[in-house]
Amino acid sequence: MNILKRLVLFAVVLAMATFAVQAGNFDYQLQAQKVAKDTYVFVGKTEDFSFENGGNIVNTGFIVTTAGVIVIDTGPSLRYGKQMKSAIASVTDKSINRVYLTHHHPDHFLGNLAFEGTPIYALSTTAENIKNEGAGFADNLYLMVGDWMRGTDSFQPTKIAKAGRVLLGGHDIEILSYSGHTSGDMAILDNTTGVLFSGDLIFHKRTLTTPHANIDKWLATIDSLNKLPFKVLVPGHGPISRDKTALSGMSSYLRWLDKTLEKAAKKGLSMTETMRLDLPQSFASNSLLKQEFSRSVVHLFPSYESRVFKRVN
Ligand SMILES: [Zn+2]
């Protein structure tokens, strides 16, 4: 074996060993990124769930107020929730005042158990959705990310959040109730700092997901978000942004998806044929475009087919 080959082999072995150690410790390596005064985000990967990422594909965050810390979403697992708590404790000695859950998808609430004893707020629809689907989501994530999920259970929110203003520890927080990504989507606008936590109403540079989507409602919600006076946008997935391009990107993809599925259904294409359609270059910079489009066909195409079917009859 020549020296170059040996070096390459050594590098590969080293990389594998490093990965094995990290994965073996089940350490998400959460780093709080400061995005505004008192406001921090743990930015997740723009990937699919895998053992390699332990389900850390999501953005969670927190606001430090003089009355305690407001946590936004708890991540995909009990381990994540616990590690989030210690990462928060490395930033502030304030205790956690409350948790808000943006919606019922598994990467956003399965860390709840780590916050047991703290009020966990969700919209009533979200609480209902967790009751109905939470355990199934947890089982599914165990299959996808394995031991990262140890000890994780679907833990119900303990408080129902209502839309409106909450004045807490020097922060003027607005709880916003929407739908479209799911039947209950909370967004949180901190009027004091201008930070908007959009949950999965906004995906940025990562293709959106549609297992519970209603495209018309989602488009209307994005119009409402557009009117909010935010300065910093924390999307549910993808990088933080300081302008509104993520919103227009979402709207154009949703409109394109709607038109494409409608046309395909009218043409009588099958699901597989629809999945094979060419995807516009303009969306190519969003990660997971092909995969998420195929999934959206599975989620949404039957309803387009049934609409066309009705018209024929
Ligand atoms: Zn979601």
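As the structure lists them, so they are numbered: ligands from 1, and atoms in each ligand from 1. Model, not experiment: these values are computed from the prediction.
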Would Asp48 and Arg295 count as a salt bridge (charged side-chain N to carboxylate O under 4.0 Å, His left out) if you check the C-alpha gap in whole Å, the side-chain angles of each, and the deciding distance to 0.1 Å?
CA-CA 12 Å; Asp48 251 337; Arg295 283 187 197 135; 2.8 Å; yes
Donor-acceptor pairs are to be reported for all side-chain atoms of residues 91-99 against protein atoms at under 3.5 Å, with residues two or more places apart or in another chain.
{"residue": "Thr92", "atom": "OG1", "partner": "Lys94", "partner atom": "N", "Å": "3.0"}
{"residue": "Asn97", "atom": "ND2", "partner": "Ala67", "partner atom": "O", "Å": "3.1"}
{"residue": "Arg98", "atom": "NH1", "partner": "Tyr100", "partner atom": "OH", "Å": "2.9"}

Closest to the Zn ion (ligand 1), which N/O/S atom of Asp200 is it?
OD2
Is a donor on one side and an acceptor on the other found under 3.5 Å between the side chain of Thr207 and the backbone of Ser287?
yes
Among the N, O or S atoms of His105, the one nearest the Zn ion (ligand 1)
ND1
Do the side chains of Phe26 and Asp147 get nearer than 4.5 Å, heavy atoms only?
yes
Have a look at the Zn ion (ligand 1) and estimate, to 10 degrees, the angle subtended by NE2 (His181) and NE2 (His103).
100°
